Protein chains: 2
Amino acid sequence: MALRYALLGLLAKNEATGYELTQQFKETVIHFWTAHHTQIYRELLKMEEEGLTHSKTVQQSDYPDKKIYTITDKGFAQLLEWMLNKPVNVPKLKDDLLLRVSMFHFIPTERAIDFLEKSKEHHQMGLMMTKKWQEENFPKGTYGENELGEYLTSEFGIRYMESWLSWCNWAIKVLKKKGES
Amino acid sequence: MALRYALLGLLAKNEATGYELTQQFKETVIHFWTAHHTQIYRELLKMEEEGLTHSKTVQQSDYPDKKIYTITDKGFAQLLEWMLNKPVNVPKLKDDLLLRVSMFHFIPTERAIDFLEKSKEHHQMGLMMTKKWQEENFPKGTYGENELGEYLTSEFGIRYMESWLSWCNWAIKVLKKKGES
DNA sequence: TAAACATATGTGAAAATACACATATAAAAA
DNA sequence: TTTTTATATGTGTATTTTCACATATGTTTA
């Protein structure tokens, strides 16, 4: 249900195609919401049926046609209604790596450290990219009127990844200490 | 698919009922995986059909009968096979509050701060409880042989909530600065 | 005295999500 | 020269997850 509000929130800032929305999910929304591209396209169709968005098809010669979506007044009204009057659901997390960590006592220590090292690489990469993105979009912490939300959540993403890396280093230390004994 | 491995991991440590597993999900697994109790009961039934677990029903006079599940050799073998040979999926997150934060530019500043203050309370509570749980279960950082995983992930939970709180304070400061102008 | 909470396990149906696949073309990289 | 990547939007199906509800009883709280 809330996927639509994520999409409406993005459309309230800029009109966009399903493809562009998918890219934005990977770039910025990733810090707090995940969705498959097929799910995004289907939700866009449903929202148009309900009059929350409106689309125009644009022909392109060398690429496939694209559908540009805009938010309607009704859509924006529903977005605000949700934001201000609907209860905040508990966060839902599924972290495959942490699930494995929770069973590290079943596997060899070296293998466990491998998992953490690989995960460190991923998070280091993500951290670098998000920092770069942040510098490009909010140089010296300056943000536009309609960018406040993105500014706050991208900072969340950075802090999350930093905290992840620091925890990872701690966990590796614990494992190495255990390996010695 | 991975829910079953979370359950097998817990059962590999101790036999348990569906009810108890649900409690454990709320207490410790919460830091990396969420599941509804009906989903847990259904997965347990399916796993038993597939011979990964085994159950015995225990009659109780004043409470309803309970089914105590144990992991089978086949179940443990599959758990290890998954841990060591299956690719690690990308984490999936749905955070309703952060989704709202990403649209804070649409609502009054005071209202936005309210959201963050309430969220701070939740995380402060969670942090306290997890710290208490950690002290009870791992006094002075000592953990048993089959508790390594829980030790590492509970520390992750604590650091996550601390980082959350610190980000929250930062965000509130940003909003207050904005409110002044 | 009534309501809520803890114990304990589920079913039926709906909604959300993921997986495999399909289509179509150009540019860039291996 | 073959493969991969980027552009762009989907369908059909399967799996996962949630929601509302059901059952049954003892204790605690308002």
Side-chain angles (χ1 to χ4, degrees), chain A residues 1-7 15-27 29-30 32-50 53 55-69 82 86-96 99, chain B residues 1-7 11 15-27 29-30 32-50 53 55-69 86-96 99:
Chain A
M1 205 65 231
L3 169 62
R4 67 171 42 189
Y5 301 113
L7 293 169
E15 58 172 31
T17 66
Y19 188 80
E20 287 164 343
L21 289 166
T22 303
Q23 302 311 109
Q24 290 177 49
F25 259 70
K26 285 180 190 159
E27 209 172 40
V29 181
I30 187 94
F32 53 90
W33 210 272
T34 37
H36 200 265
H37 82 275
T38 57
Q39 203 191 344
I40 291 173
Y41 281 112
R42 263 198 261 255
E43 191 66 37
L44 286 169
L45 289 174
K46 221 194 295 174
M47 286 197 289
E48 190 163 20
E49 275 172 35
E50 295 177 36
T53 56
S55 76
K56 54 177 179 229
T57 303
V58 175
Q59 254 103 30
Q60 298 189 116
S61 53
D62 40 356
Y63 288 117
D65 294 358
K66 62 180 177 183
K67 263 167 89 177
I68 300 176
Y69 285 90
W82 168 78
K86 297 295 173 189
V88 178
N89 290 321
V90 292
K92 274 158 211 164
L93 175 63
K94 314 245 151 130
D95 194 305
D96 212 358
L99 178 54
Chain B
M1 204 68 233
L3 170 62
R4 68 169 44 189
Y5 300 113
L7 293 169
L11 290 175
E15 58 172 32
T17 66
Y19 188 79
E20 287 165 343
L21 289 166
T22 303
Q23 302 311 110
Q24 289 175 52
F25 259 70
K26 285 180 192 162
E27 207 171 43
V29 181
I30 188 91
F32 53 91
W33 210 272
T34 36
H36 200 265
H37 82 276
T38 57
Q39 205 189 344
I40 291 172
Y41 282 112
R42 265 199 260 257
E43 192 66 38
L44 287 169
L45 289 174
K46 222 195 292 175
M47 286 198 288
E48 190 161 22
E49 274 172 36
E50 295 176 37
T53 56
S55 75
K56 54 176 181 233
T57 303
V58 176
Q59 255 102 29
Q60 298 189 117
S61 53
D62 40 355
Y63 287 117
D65 295 358
K66 61 181 178 182
K67 265 167 88 176
I68 300 176
Y69 285 90
K86 296 296 174 190
V88 178
N89 290 322
V90 292
K92 273 156 214 166
L93 175 64
K94 314 247 150 129
D95 193 305
D96 213 0
L99 178 54

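Computed from a predicted structure; not experimentally measured. Lettering follows sequence order; numbering is per chain, from 1.
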Of the candidates D:dG10, D:dA8, C:dA16, the side chain of A:Met1 sits closest to C:dA16
Those residues at least two apart in sequence (or on a different chain) that pass side-chain hydrogen bond (donor to acceptor under 3.5 Å, both in side chains) with A:Glu50 are A:Arg4
Exercise for the section: Could you tell me whether the phosphate oxygens of D:dT17, OP1 or OP2, come under 4.0 Å of any side-chain nitrogen or oxygen in B:Lys94? Expected result: no
Whole-Å distance, B:Glu20 CD to C:dT7 P, equals 10 Å
B:Leu44 versus B:Leu21: any side-chain heavy-atom pair under 4.5 Å?
yes
Residue pair B:Ile68/A:Leu3 against DNA chain C: nearer the 5' end by closest nucleotide is B:Ile68
A:Leu7 atom CG is separated from C:dT17 atom C1', nearest whole Å, by 14 Å
Atom NZ of A:Lys56 and atom P of D:dT9 are separated, to the nearest Å, by 14 Å
Within a strict 4.5 Å, meaning less than it, do heavy atoms of the B:Leu7 and B:Phe25 side chains meet?
yes
Contact check, residues 38-46 of chain B vs DNA chain C, heavy-atom distance under 4.0 Å, returns B:Thr38, B:Tyr41, B:Arg42, B:Leu45
Rounded to whole Å, NZ of A:Lys92 lies from P of C:dA15 at a distance of 15 Å
Run B:Arg42 and B:Gln39 through side chain to side chain contact (heavy atoms under 4.5 Å, CB included) and show every step you take. CA-CA 5 Å; B:Arg42 265 199 260 257; B:Gln39 205 189 344; 5.9 Å; no
side-chain hydrogen bond (donor to acceptor under 3.5 Å, both in side chains) filter on A:His37, not counting sequence neighbours, yields none
*Are A:Leu45 and A:Lys67 close enough, and set up right, to give a side chain to side chain contact (heavy atoms under 4.5 Å, CB included), and what steps lead you there?*
CA-CA 11 Å; A:Leu45 289 174; A:Lys67 263 167 89 177; 3.6 Å; yes
Taken to the nearest whole Å, OH/A:Tyr5 to P/C:dA16 is 10 Å
Below the 4.0 Å mark, does C:dT7 have OP1 or OP2 next to a side-chain nitrogen or oxygen of B:Tyr19? yes
dist A:Lys94:NZ -> B:Lys94:NZ (nearest 0.5 Å) comes out at 8.5 Å
note: A:Met47, atom CE; D:dT9, atom P; distance rounded to Å ~ 13 Å
With five pairs defining each end axis, the helix from C:dT1-D:dA30 to C:dA30-D:dT1 comes out bent, to 10°, by 40°
Margin query: For C:dA8 and B:Gln60 - does any side-chain N or O of the residue sit under 4.0 Å from the phosphate oxygens OP1/OP2?
Written below: yes
Rounded to whole Å, the NE2-P distance (B:His37 to C:dG10) equals 10 Å
Phosphate OP1/OP2 of D:dG10: any A:Lys67 side-chain N/O under 4.0 Å = yes
Rounded to whole Å, the CG-P distance (A:Asp65 to C:dT23) equals 17 Å
Contacts of A:Pro64 and A:His36 projected onto DNA chain C by closest heavy atom; the upstream (5') one is A:His36
A:Thr34 meets the side-chain hydrogen bond (donor to acceptor under 3.5 Å, both in side chains) criterion, sequence neighbours left out, with none
Salt bridge (Lys or Arg N to Asp or Glu O under 4.0 Å) filter on A:Asp95, not counting sequence neighbours, yields none
